Amino acid sequence: MRRSAKDTDSSAKGITRRGLVLGGIQLAFAGVLAARMRYLGIEQASEFRLLAEENRINIHLLPPARGLIFDREGRPIAGNEPNYRVVIRREDARDLDQVMNRLQPLIGLDEDNMERIRRELRRAGPSVPVTIADRLSWEDLSKVAVNTPSLPGVTPDVGLSRHYPLDKDFAHVVGYVGPVSDYDLSRIEDQDPLLQIPKFQIGKSGAEAKLEAQLRGSAGTTRVEVNAGGRIMRELSREEGRPGDNIQLTVDAALQNYVQARLEGGLSAAAVVMDTETGDILAAGSAPTFDPNKFVRGISVADYAALTENPYRPLAGKAVQGLYPPGSTFKMVTALAALEEGIITPDDTVRCLGHVEVSGRRFHCWKRAGHGTMDLYGSLQQSCDVYYYDIAQRVGIEKISEMARRLGFGYKFDLPMSAVAEGLAPTKEWKLARRGEDWLIGDTLNASIGQGFVLASPLQLSVMTARLATGREIIPRLVKSINGVEQNIRGGESLNINENNLRQIRRAMYGVSNTRRGTAYRSRIVEDEYRMSGKTGTSQVSNRVVRNSEVPWVQRDHALFVGFAPFDDPKISVSVVVEHGGGGSAAAAPVARDIILQALYGGEPPLSAYPSSEQPRIEQIRRGLQVRDPEDFELGRTRA
Amino acid sequence: MSFLEHNLKTVPTGFRKILHLNWPIVLLLMAICTVGFIMLYSVAGGSLRPWADPQIKRFALGMSLMLIIAMVPIWFWRNMAGVAYLGSLLLLVMVELFGAVGMGAQRWIDLGFMRLQPSELTKVTLVMILAAYYDWLGVGKVSRPIWVIIPLLLILIPTALVLRQPDLGTAILLVTGGGIIMFLAGVSWYYFGAVIAIATGIVAAVFRTRGTEWQFLKDYQYRRIDTFLDPSSDPLGAGYHITQSKIALGSGGFSGRGFMQGTQSRLNFLPEKHTDFIFTTLAEEFGFIGAFSLLTLYLLVLVFCAASAFSNKDRFASLLTLGVAATFFLFFAVNMSMVMGLAPVVGVPLPLVSYGGSAMLVLLVAFGLVQSAHVHRPR
């Protein structure tokens, strides 16, 4: 359709006319809106502000109770205890300085504290409660409560604070909580309003940190009407939060206590006890340790410095974080790799003259005089190095590493503990990629006896032992149940290792701790039902020929022992590492034996389980141990 | 062929079109969106997540869309009006059939990368089809009953579909927005007078019959009206939103409590603090000055739209421009009235400020059409 210019002009005029009418209406309405804004925001502001301050609906957050942590028997490891405190909300305190000055003499606040509170008040939102003082005595709390009419905005309050009834025992497994920090807030992508509460406790290390999502729960809210003084007049509605999930760990608190106490004898040591059936971690000790309760309350600078400057590194959870050359405990891996490849039979022998020469370098056996003719059994029983130098050259590093990984080395297990270490089962590619160097035959020789590049954590050593003992893929587990819901046991499938070969290895491990020439014969168990199989290890820290006692602590060898028991029906596996402890047979094997007996007997074993020559020493050790009274575990239960 | 196509010689071509954009509107829109980012940052407790960051990304997408649409000649869009309208009707039907249920109402289709609200889209396509309709219709015929019924149907079909979802806010916007275009196109005053008279009659009847045997509404519906008229009678129920937002506005005073100092935003007083009720946070934190400034920005957009429309001799272009402006006006007028307790709470966001992808994209697309009309106006 064609339109004339006149037609369009009249149309445009019409639209403009109507548009102006409409614009007029819109402008009038906008005027109404502006007037309403003025009315609400300015004319009525004083009234609304009064309404807002005098009799207003406030929303307060109700922090949820953090989930409890129990051991496998239901004994409490982490609980919550009431914490009397005084909080202040900026918007309710009309004259902050006046309120603070009145409060100061009541509960004896020092100037540092006053400064801290003022700082926190400036930063926090107007209705967010800021803690003035916590862990108050009942008397102090009462003093504040009586004086509340003259302290607007100040509320006495009962909160919950984390408490670890078994203090030092689980410092590395369960970890600790602490007040949420600015660093935490910048790091976590977490919109939970709970984190805005000053001093809200969140997990900082160990299971407390890794299981934070389950343990925290979610905030509840309460709507309250408050008056001009900030007093709560009435509660209008309350929406309860969801408390955190209760978590049951696989650990046995009594065993853990014993392990921890036994390890404290050495200067710096770690041990992991596992159930070979399920992979449950029954105990994971690391010495020296610390009291996590100190961190909850806010550790003093001096105490913290003492922990960080201690050469034995009490803050490190060595059971899963510590990486050590496994030394001779690695020989089962090399032997099994050779057996599985069909390169050796158990009866093949190697002559040990105390050393071998490979590509112009001399590799020594720990026994300088040599072991003579060695077969598989003898080489493990007496821990002959030359035997492994020989077979390793024929098997090659790739097969050894592959077997190591099948047995749990070089793998970061998924456990809710801090800094679980991956360890290393080295290969040619690894060395080329990481070091830019070709793999040398000497590297293979070193690796065959668990030296050189091989690194493993006590956890991995315990996993290896459990896998050797069962022939199944045992995967460690730390969480037994969450809110009563049993967690899956993973793994357990066959490793597809020839059972005959495994049997040869186990037979030799039996020889280590039950036959006269075995390196751990002195640490044998004589109770027939509970006999132990194992392997000692002494891993070199520095290259030298002098005795351990003649060099400083940090240059001494690590002492290791891995074992399982009973030898014919494995129930538990254990690994012990004593850092710079000297020889594995002297420093680590007795500890492992005591832990195994303690675990199998479910308490202190009778002296008759030990060989008679050892019994006086055992009695002496027992007297020195500081083990918890069985009732202690129950005390926590009633409180939690 | 309309008037416009005879006067193509002077329409700018290629990238020179950018120079002929209606720049004041572009800048005003950017300013309004920036206010939105700042408020979303504040209600999240001083964090770009979870709202400000996605909103900024959608803004970038919307601005690009607006510029692309502005580059395409307006007559192309006029020819597309019918297709766009039918397409949005089809989407509305699809939402009815497959739409996910969000917030208790069936409103969006999940496209994977974003959730599309067809009801938002309809606000633009309805303006387009009505403008195109009146462009096609001879000026002399607009008030004849048969030619009035057709646009009424064009308005009421999508409105009925939207009401089924149910989305009262959008339905009101569609009916009022459509009515405004009919008014602008020159439909006789008598029709509007009649509609207003009937509506007044119904309202009067509703109230006069209350308590008698023939009352129009159920008792609970009357109680809802009561609550609206006097929110303080039910401080925790239906009146809660209104009371809280009034208190927020009141406590903001003349200059506000200061950026990020609002209590409403921090403590989740209002469940819709980042969407429909974001104006309360603005008023609480920046006071009367902040609220009034935002209103001024909105009005300036309308003024520039009106100026562009009045100077445009093409009927489609000026009706479209005024229609988009009217829809924009309805958005903020209804939202502000609702938040300030002048109207009942119906779900209408504060345009370009509230969190929400579909609404922002659709508005920027609509302003893309306005820009196209401005760039390609006959000279």
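A, B, ... follow the sequence lines: proteins, then strands. Residue 1 opens every chain. Quick caveat: nothing in here was measured; it's all calculated off a predicted structure.
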Quick one: what part of [X] sits under 4.5 Å from any heavy atom of chain A, side chain, backbone, both or neither?
{"X": "B/Ala326", "answer": "both"}
{"X": "B/Leu184", "answer": "both"}
{"X": "B/Ala283", "answer": "neither"}

Inset, instruction - With a 4.5 Å cut-off on heavy-atom pairs, point out which of B/Ala333, B/Ala325, B/Ala185, B/Ala309 contacts chain A the most. - result: B/Ala333
Could you state the interatomic distance from [atom1] ([X]) to [atom2] ([Y]), rounded to the nearest 0.5 Å?
{"X": "A/Met37", "Y": "B/Phe279", "atom1": "CE", "atom2": "CZ", "result": "3.5 Å"}
{"X": "B/Phe183", "Y": "A/Ile25", "atom1": "CZ", "atom2": "CD1", "result": "5.5 Å"}
{"X": "A/Phe29", "Y": "B/Leu299", "atom1": "CZ", "atom2": "CG", "result": "11.5 Å"}

Legend entry - A/Arg242, CZ: over 12 other non-hydrogen atoms inside 6.0 angstrom: yes
Legend entry - Stepwise side-chain contact (heavy atoms from CB on, under 4.5 Å) check, A/Ser11 with B/Tyr134: CA-CA 10 Å; A/Ser11 145; B/Tyr134 282 112; over 6 Å; no
Legend entry - Pairs involving residues 20-35 of chain A, ordered by first then second residue, that meet salt bridge (Lys or Arg N to Asp or Glu O under 4.0 Å) (sequence neighbours left out): none
Inset, instruction - Using the side-chain contact (heavy atoms from CB on, under 4.5 Å) rule, take B/Leu302 and A/Leu27 through it: C-alpha gap first, then chi angles, then the decisive distance, then the call. - result: CA-CA 10 Å; B/Leu302 297 190; A/Leu27 203 62; over 6 Å; no
Legend entry - Pair A/Val21-B/Trp189, side-chain contact (heavy atoms from CB on, under 4.5 Å): steps then yes or no: CA-CA 12 Å; A/Val21 172; B/Trp189 287 94; 4.0 Å; yes
Legend entry - Donor-acceptor contact below 3.5 Å, side chain A/Arg18 vs main chain B/Val187: yes
Legend entry - Any donor-acceptor N/O pair, A/Arg36 side chain to B/Met340 backbone, under 3.5 Å: yes
Legend entry - Trace of the side-chain contact (heavy atoms from CB on, under 4.5 Å) decision for A/Ile15 with B/Leu322: CA-CA 9 Å; A/Ile15 291 177; B/Leu322 287 177; 3.6 Å; yes
Legend entry - Proximity of residues 288-296 of chain B to chain A, residues having a non-hydrogen atom under 4.5 angstrom: B/Phe288, B/Ala291, B/Phe292, B/Leu295
Inset, instruction - Write down the atom of B/Phe310, the atom of A/Leu20, and the distance for their closest heavy-atom approach. - result: CE1-CD2, 3.7 Å
